[in-house]
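Just so it is clear: chains get the letters A, B, ... in the order the sequence lines come, proteins before strands, and each one is counted from 1. Computed from a prediction, not measured in an experiment: that's the story for all the values here.
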Amino acid sequence: MRKYANIAPKTYPFLVIILAVMLWHIGVKLSQVPVWILPGPVQVLQAMISHAALLWHHTQITLTEALLGFALSVALALVLALLLHYLNWLCQALYPLFIVSQTIPLIVLAVLLPLWFGWGMFPKILIIILVCFFPMVINLFNGLKAVDPDILNLFRSMGAKPLATFRLVIMPYALPSFFAGLRISATYSIMAAVIGEWLGAQRGLGYYMTLQQKSFAVDRVLAVVVIICILSLLLVKAVDLLEYLLLPWNRKVYSQQLYQ
Amino acid sequence: MSKLEVKGLYKTLEGVFTLNNLSLTLKEHEVVVILGPSGCGKSTLLHIIAGLIPPDRGKVYIDGRDYTCQTGRVSYMQQKDLLLDSRTIIDNVALPLVLRGIPKELARRQAALHLDDFGLSGFENYYPRQLSGGMKQRAALLRTYLFSSDILLLDEPFAALDAITRRKMHLWLIDLQQRFRSSVLFVTHDIEEALLIASRIYVFSARPAQVRLEIDMQSIPHRPDSLYRLKNRILAELEGE
């Protein structure tokens, strides 16, 4: 029984999804809504299968943009958080600006950036970085700040070099918060790429979606939405896996006190 | 010669006069307990001895040499175990050896030799969060011991433990000290603890800390009545009579 009790909660989301899809299917059948307004799940699936090659082509473009933008954001976030942590004046100068950067409406940027930088990949990457760097910088920065000063004192009393202290204490302490930010950013990255493509692109899922929307091919629009969800989930799972591998001490099995 | 000697320390911390002309000695193989009211500056004193903060005036001598403001000579254990969550027990206790430049595998092997004495054998590959408070504290003590075995500064190392575990740790510490013969400077505000483990006791006044009383436990007969009278005398001093 206990075994089932542990597995059951993980299946709940899938049950909800299956239930929702069934309701959707029945609702569409009963109400007889025209397909160009709301297609049923079957039509969406059909659209995915019949346009698989085309969708795969655009998915590759979007995924490339998202991964590239995401990787650059990670690098930027690492550098920025460390600079902010070690240079107090820089922190005071930049921290408010980071907050301001998050108040800029994305849609406006998505319109303006192609105007300034053309329809290539660069403006999309910029948007992704703008969306993704913030949660990572803030989380990593807070993680670096949260290190127990007594541990730093202990290391100082043992005559540890700053680099050793960073490697042994500060980094392992900050990594879990960094991964919290990384997970948020991973969910945003695909969406940010799509928003970037939405208003000015010649390739990619966002571009494909605008095209289909204009021709009232709602089934294909929704097919793209499903792909975006799947890609985002996969990316989050990849982050989870990375965390599992890199932070063994943080795994649930190791966080329970076993012996009194 | 004294193992450790502190001479005429003065310290004002963030505008608060904390240490007032404080002097004390720790002889070889001695367990000296510093008893004082909470917040009297005991931890400040240990921070200065460990070299973490400079005194305003005064000197710290170890084996006759001036060690004021120098870290890395004595080992220092604080109330919290301060084990690294990211490292297994064996890597945590071997840490001081690794920091000294000893290769990781060798450091692990050296540290492993002591696991039994510190009641940790079989737990080397566990993470600190999996262990109980007493075990973590013993691991912290082993780490302290492996850093420098001749002088240990222990700042209320068992204060966070429950009474039963604490009692066990006292007996274990006494046994350990008799075998390893380290010189121990032990800070606490628990009189029972002091009477149990000390060879000498310094009683501190409230802030700014001064030595109010120095008791040589060797000169006190270990009879309930004399210990009781001693306890009352210390209590009176602590309450500032």
Ignoring hydrogens and geometry, is there a side-chain-to-backbone donor-acceptor pair from A:Arg156 to B:Gly72 under 3.5 Å?
no

The interface call for B:Val98 against chain A, heavy-atom contacts under 4.5 Å, is neither

Of the backbone (N, CA, C, O) and the side chain (C-beta and beyond), which part of A:Asn153 lies under 4.5 Å from a heavy atom of chain B, both, or neither?
both

Sort B:Leu153 into side chain, backbone, both or neither according to what part of it lies under 4.5 angstrom from a heavy atom of chain A.
neither

Any heavy-atom pair between the side chains of A:Asn250 and B:Asp85 that's under 4.5 Å?
no

Can you measure from CE (A:Met158) to CZ (B:Arg143) and round to the nearest 0.5 angstrom?
5.5 Å

For B:Ile164, does the CD1 atom have more than 12 heavy-atom neighbours from other residues, nucleotides or ligands under 6.0 Å away?
no

Given that the side chain runs from C-beta out, which part of A:Leu247 has a heavy atom under 4.5 Å from chain B: side chain, backbone, both or neither?
neither

Tightest non-hydrogen contact, residues A:Asp150 and B:Leu82, listed as O-CD1, 3.6 Å

Of the non-hydrogen atoms in B:Phe147 and A:Ser157, which two are nearest, and what is the gap between them?
CZ-O, 3.9 Å

Just checking A:Tyr188: does its OH atom have more than 12 heavy atoms from other residues, nucleotides or ligands closer to it than 6.0 angstrom?
no

B:Leu52 portion near chain A, given a 4.5 angstrom heavy-atom threshold:
both

Closest heavy-atom pair and its distance - A:Leu154, B:Gln78:
N-NE2, 4.3 Å

Leading residue by heavy atom contact count with chain A [cutoff under 4.5 Å; candidates B:Pro96, B:Ser86, B:Gly51]:
B:Ser86

Around atom CG of A:Leu163, are there more than 12 heavy atoms from other residues, nucleotides or ligands closer than 6.0 Å?
no

Within 6.0 angstrom of B:Arg108 CZ, more than 12 heavy atoms from elsewhere
yes

Please name the pair of heavy atoms, one in B:Thr71 and one in A:Gly159, separated by the smallest distance, quoted to 0.1 Å.
OG1-CA, 4.3 Å

Is the count of non-hydrogen atoms from other residues, nucleotides or ligands lying under 6.0 Å from B:Arg100 atom CZ greater than 12?
yes

Surrounding NZ of A:Lys237 (heavy atoms of other residues, nucleotides or ligands, distance under 6.0 Å), is the total greater than 12?
no

Contact leader toward chain B among A:Leu175, A:Val169, A:Leu168, where contacts are heavy-atom pairs under 4.5 Å
A:Leu168

4.5 Å side-chain heavy-atom contact, B:Arg129 and A:Trp249:
yes

Any residues in residues 101-110 of chain A near chain B, with a heavy-atom distance under 4.5 Å, and which are they?
none

